[in-house]
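As structure tokens, the structure follows; a few thoughts come after it.
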Amino acid sequence: MVSVEVSSGGHPVGEGSGVAVDEHHIVTNAHVVGDATDSDVSVTLYDNSVQPVTIAGRDPITDLAVLTVQDTKLTPIPIATSAEVRTGQPVMAVGNPLGLAGTVTTGIVSALNRPVAASEQGTGPSVATVTNAIQTSAPINPGNSGGALVNGCGELIGINSAIYSRSGGSIGIGFAIPSNMVKLVVTQA
């Protein structure tokens, strides 16, 4: 897991989470990086080192973005097949909610195949539709976007993407992009 920071003119404008999928690539949400340029995005690794990244690709339709870290070898997360995810199974959401890096929350898979609309940086009109999302009761808050939804073995089953909330905070209805979609998008970046 990494924390993703987005700035504009040297001032922070957004933050989220990311997941290392191989030694040099991190997956996050497209709405986390928005329309930022490479120089506007950095990641903070587990050892608190801040690394510059390049944006290898972003896909607003699936709400996924791939970042490349050049000078550091990352430890990738094992990726499970999301086709084996079942309603009721225990899960953990890992991320950077409200800037609190390394936060882990637990819940269950509440439902599968939910269509979800997300908005860029939490404002503006909906720009992406995540189809077949995994719904979870694990608390997800702003900053968890791009973080991992993992199964009981610690394997990635989804990338946290959105919450349903009238107040802006978690009410126990969160959504993740299934890992099978993540694998497909990463291979195209």
Side-chain angles (χ1 to χ4, degrees), residues 1-8 10-34 36-56 58 63-79 90-107 118-123 134 136-163 165 167-177 179 182 186:
M1 287 299 309
V2 302
S3 297
V4 178
E5 295 84 29
V6 181
S7 62
S8 178
H11 303 301
V13 295
E15 62 187 358
S17 304
V19 179
V21 292
D22 65 32
E23 290 183 343
H24 295 288
H25 293 98
I26 294 165
V27 173
T28 188
N29 289 126
H31 77 262
V32 169
V33 296
T37 63
D38 292 345
S39 62
D40 295 333
V41 182
S42 63
V43 296
T44 302
L45 304 180
Y46 66 92
D47 63 359
N48 290 323
S49 66
V50 177
Q51 301 291 322
V53 297
T54 56
I55 301 168
R58 56 186 131 204
D63 193 26
L64 292 171
V66 179
L67 310 176
T68 304
V69 177
Q70 294 294 338
D71 299 328
T72 302
K73 280 192 174 182
L74 304 169
T75 302
I77 190 169
I79 302 175
V91 293
M92 293 176 283
V94 186
N96 182 35
L98 306 171
L100 300 168
T103 298
V104 178
T105 59
T106 62
S119 62
E120 220 166 275
Q121 289 291 348
T123 61
I134 299 168
T136 181
S137 66
I140 297 173
N141 286 288
N144 269 109
S145 289
L149 186 68
V150 299
N151 62 20
C153 296
E155 299 166 322
L156 183 75
I157 61 168
I159 296 292
N160 300 322
S161 179
I163 61 173
S165 176
S167 65
S170 176
I171 61 169
I173 303 175
F175 303 96
I177 302 161
S179 59
V182 173
V186 167

Assess, by modelled atom type and distance only, whether the side chains of Ser3 and Glu15 contain a donor and an acceptor separated by less than 3.5 Å.
no
Residues Ser161 and Asp63: side-chain donor-acceptor under 3.5 angstrom
yes
Sidechain-backbone polar pair: [X] side chain, [Y] backbone, donor-acceptor under 3.5 Å:
X: Asn144; Y: Gly147; value: no
X: His24; Y: Val69; value: yes
X: Thr103; Y: Pro97; value: no
X: Arg58; Y: Leu64; value: no
X: Thr136; Y: Ala138; value: yes

Residues in side chain to side chain donor-acceptor pair (under 3.5 Å) contact with Asn141, at least two apart in sequence or another chain
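Result, side chain to side chain donor-acceptor pair (under 3.5 Å) vs Asn141: none returned.
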Between atom CD1 of Ile177 and atom CG of Asn29, what is the distance when rounded to the nearest 0.5 Å?
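Nearest 0.5 Å value for the CD1-CG distance: 5.0 Å.
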From CG (Leu67) to OG (Ser42), nearest 0.5 Å:
10.0 Å
Check side-chain contact (heavy atoms from CB on, under 4.5 Å) between Asp47 and all other residues, then give those that pass, not counting sequence neighbours.
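Expected list: Leu45, Ser49.
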Minimum heavy-atom separation for Thr75 and Ala20, please, with both atom names.
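Nearest pair, atom of Thr75 first, then Ala20: O-CB, 3.7 Å.
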In terms of heavy-atom contacts, Ala93 and Ile140 come closest through CB-CG1, 4.1 Å
